[in-house]
Undergrad: 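Before we start, here is the structure in question, set down as structure tokens.
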Protein chains: 2
Amino acid sequence: MAVNLQIPSESDIFPVAGVEIGVTEAGIRKANRRDLTVFKLAEGTSVAGVFTRNRFRAAPVQVCEAHLAAGGPIRALVVNTGNANAGTGAEGLQKAQDTCAALGKLLGVPAEQVLPFSTGVILEPLPLDRLTAALPDALARLGANEWFNAAHGIMTTDTLPKIHSRQVQIGGRTITITGISKGAGMIRPNMATMLSFLATDAGIAQPLLRTLATDLANRSFNRITVDGDTSTNDSFIIAATGQSGLNITSPSDPHYADLRDALGAAALDLAQKIVRDAEGATKFITVRVEQAHNAEEALKVAYSVAHSPLVKTAFFASDPNLGRILCAIGYAGVDDLDVSRLRLWLDDVLVARDGGRNPDYQEADGQRVMKQAEIEVRVALGRGQAAETVYTCDFSHEYVSINADYRS
Amino acid sequence: MAVNLQIPSESDIFPVAGVEIGVTEAGIRKANRRDLTVFKLAEGTSVAGVFTRNRFRAAPVQVCEAHLAAGGPIRALVVNTGNANAGTGAEGLQKAQDTCAALGKLLGVPAEQVLPFSTGVILEPLPLDRLTAALPDALARLGANEWFNAAHGIMTTDTLPKIHSRQVQIGGRTITITGISKGAGMIRPNMATMLSFLATDAGIAQPLLRTLATDLANRSFNRITVDGDTSTNDSFIIAATGQSGLNITSPSDPHYADLRDALGAAALDLAQKIVRDAEGATKFITVRVEQAHNAEEALKVAYSVAHSPLVKTAFFASDPNLGRILCAIGYAGVDDLDVSRLRLWLDDVLVARDGGRNPDYQEADGQRVMKQAEIEVRVALGRGQAAETVYTCDFSHEYVSINADYRS
């Protein structure tokens, strides 16, 4: 029941020169399921990542951070589903390192040039033997046109694959940007159990790519929420192979803004696709908070609305029970909020002003908007100039069903 | 489907000398429903209250605060369900004042001696005419033995009335403590849509009662959460009539501790009853966080667990998917949390230590506890001496059904 999630046909997915992908079945948790994906990156590729801030950072997240911090090249990524290798202590850390070593050995690169990713159940030992036993088959399947399979290979409770692929003209060159994402619950990236891998054949110097990765994440994956649960495994990786011939080393490069915008659009699309396919989602909700004192305050109010189970169930019911939105704004923690200055819109319908219902508001107008599959909640706080937007979904029976049955 | 909610039989409810109650049907939102309750308090009664900190404080909350701040006696309370009179601006405020004036006129006391309370739908105009038209009938029904009817009269989505009544011996006197509460969703009191009215025939001097009210709320109503939604209308009122002959004017009074403990037990029971009857609840969950650096940190972790939709759906499913609890602890915002020092118990079962699963943990042990109707999650952070406890429930299909249909 994903909400307006567009899936490109396989023929519309552009391979990224310098990136090969192999997907196979390792039987990590269940048999007959593509659950192991390897990305092989050409020499000269820059790689940067942004990871969860959950204190229970999964073992693979810790290894990714260590390998990226070492500053050497990154030549491969290995992703398993079915097990998060999180809450697994020292043994889990060793297994994540062993995974890198096993793949590195097969590829002829040091373990430190491999990044591991896991998603699935927390607190259970990773079946390392099954994972490493399947690596040769994943490598045997390496190919440039495997993005569609990879998007399937990283799915857990996702109902649809999430792929963004686009070519743009920058500096007289055709630049390819292709990426995938997954994540359906435990989603409030900071980062959130989301994984996203974005690649371009543009070249971006390593220090610049690091800054850019954080910047992109903060305007995409770090602005979505399904259930407020920031996962232990969230990872966003961007790889720039440089094989298009366009190479950018500084933000003052005249082509940097175009490339950043194209990558930003890709990251936002991949992030929104996670919300569109969120567990049980029937509505795609944009919460925009304007006229805040600062960005932090705007986000506080936006997340308060986006996380309220009462607001989310009202969206599910298409019920314009909009007092629930005011209530969520009221408890967001803005202690000196003057509610008489606040205005609330549902799409173009002004619902509340002067501390109460807009006298011109008609229930029929609210009802009309609430029935839509995509809805914008807009709040003007009347306190300043900052604005922030977060993306979320409604809260349905299906969410409860999925999460009450996930391990069964 | 309330969880182990005990309801005293009518004959076990002790009236409180100095308190008379009248309950009637005003047709506020629906016909044939007891939705209007009046408490008449004898001369000499001390009254104190604790109210929501939501910035969209409902009109009646604003009026309560003003009337209590004025410092004069309080002689009556008037409570309606079916409409929260919240998000109703200046007009709503006037209606709350007019309600007090109307009841005051009938009782021969100034409007400032009446406290108004409303609970129900937000953002809709209060039908003041229907409310005031029903006041004479409520007064005609005034009686000392109406607590059971009052507990029904203040219910909204509650499935059962919530009543605590007890007599204790203090200083050679029999002291009566009787109270009621309501609230089933939009519950994270700070204060939360909960209302509670607690009365005793002990006398407690006004300034002391004010401090005591906050103290009691912080250890009861401010420690429960259903959905994290702090309502616009939460109110807890305590009235001490003094008619037992016991009168306490200072915390150093030798009988103060006994009375405070008895009132504390009453407040905690009334708060827990709200959780037991929370919307859709099938489990009663106690989350205790120990060895925290300070109380704030302990509460942060406890609420993070108590609010996680993933944790709550796992409880609903009786599924020991306990990694979700670690995950929620990890994103609670304790930035320097050392997960290797943390221990997690489910009742007496040690689930996690040393940053991972306890090697002795058996899934069967977790499963056994998860099937219980009452479960304690205990977390030791290994950081200090502070401990806090919050009470919550699971998250079921029924919660979604109730909140998707509430206004319909």
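The analysis underlying the following values was restricted to heavy atoms, covering all of them including side chains, and did not include hydrogens, waters or symmetry mates. We name chains A, B, ... by the order of the sequence lines, and we start the count at 1 in each one.
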Undergrad: Would B:Phe395 and A:Phe395 count as a close aromatic pair, with their ring centres under 6.0 Å?
TA: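 B:Phe395 vs A:Phe395: aromatic centres under 6.0 Å.
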
Undergrad: How long is the straight-line distance from CG of B:Leu322 back to CD of A:Glu124, given to the nearest 0.5 Å?
TA: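 Here the interatomic distance stands at 10.0 Å.
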
Undergrad: Nearest 0.5 angstrom please: A:Leu123 CG to B:Asn321 CG, how far?
TA: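 Between A:Leu123 CG and B:Asn321 CG, I get 8.5 Å after rounding to 0.5 Å.
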
Undergrad: Where does B:Asp338 contact chain A at under 4.5 Å (heavy atoms): side chain, backbone, both or neither?
TA: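 B:Asp338 has no heavy atom closer than 4.5 Å to chain A.
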
Undergrad: Verify the neighbour count for atom NE2 of B:His293: are there more than 12 heavy atoms of other residues, nucleotides or ligands below 6.0 Å?
TA: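 Open.
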
Undergrad: The criterion is side-chain contact (heavy atoms from CB on, under 4.5 Å); which residues satisfy it with B:Val349, sequence neighbours excluded?
TA: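 Only B:Val351, B:Tyr361, B:Asp365, B:Arg368, B:Val369 meet the side-chain contact (heavy atoms from CB on, under 4.5 Å) criterion with B:Val349.
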
Undergrad: Can you name the closest pair of heavy atoms from A:Leu326 and B:Gly87 and give their distance?
TA: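 A:Leu326 and B:Gly87 have their closest heavy atoms at CD1-CA, 4.2 Å.
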
Undergrad: Tell me, yes or no, whether the heavy-atom count around A:Glu91 atom CD, taken from other residues, nucleotides or ligands under 6.0 Å, exceeds 12.
TA: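 Counting neighbours around CD of A:Glu91, 12 or fewer heavy atoms of other residues, nucleotides or ligands fall under 6.0 Å, so no.
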
Undergrad: To the nearest 0.5 Å, how far apart are OG1 in A:Thr88 and CG in B:Asp354?
TA: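 So the gap between those two atoms works out to 12.5 Å.
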
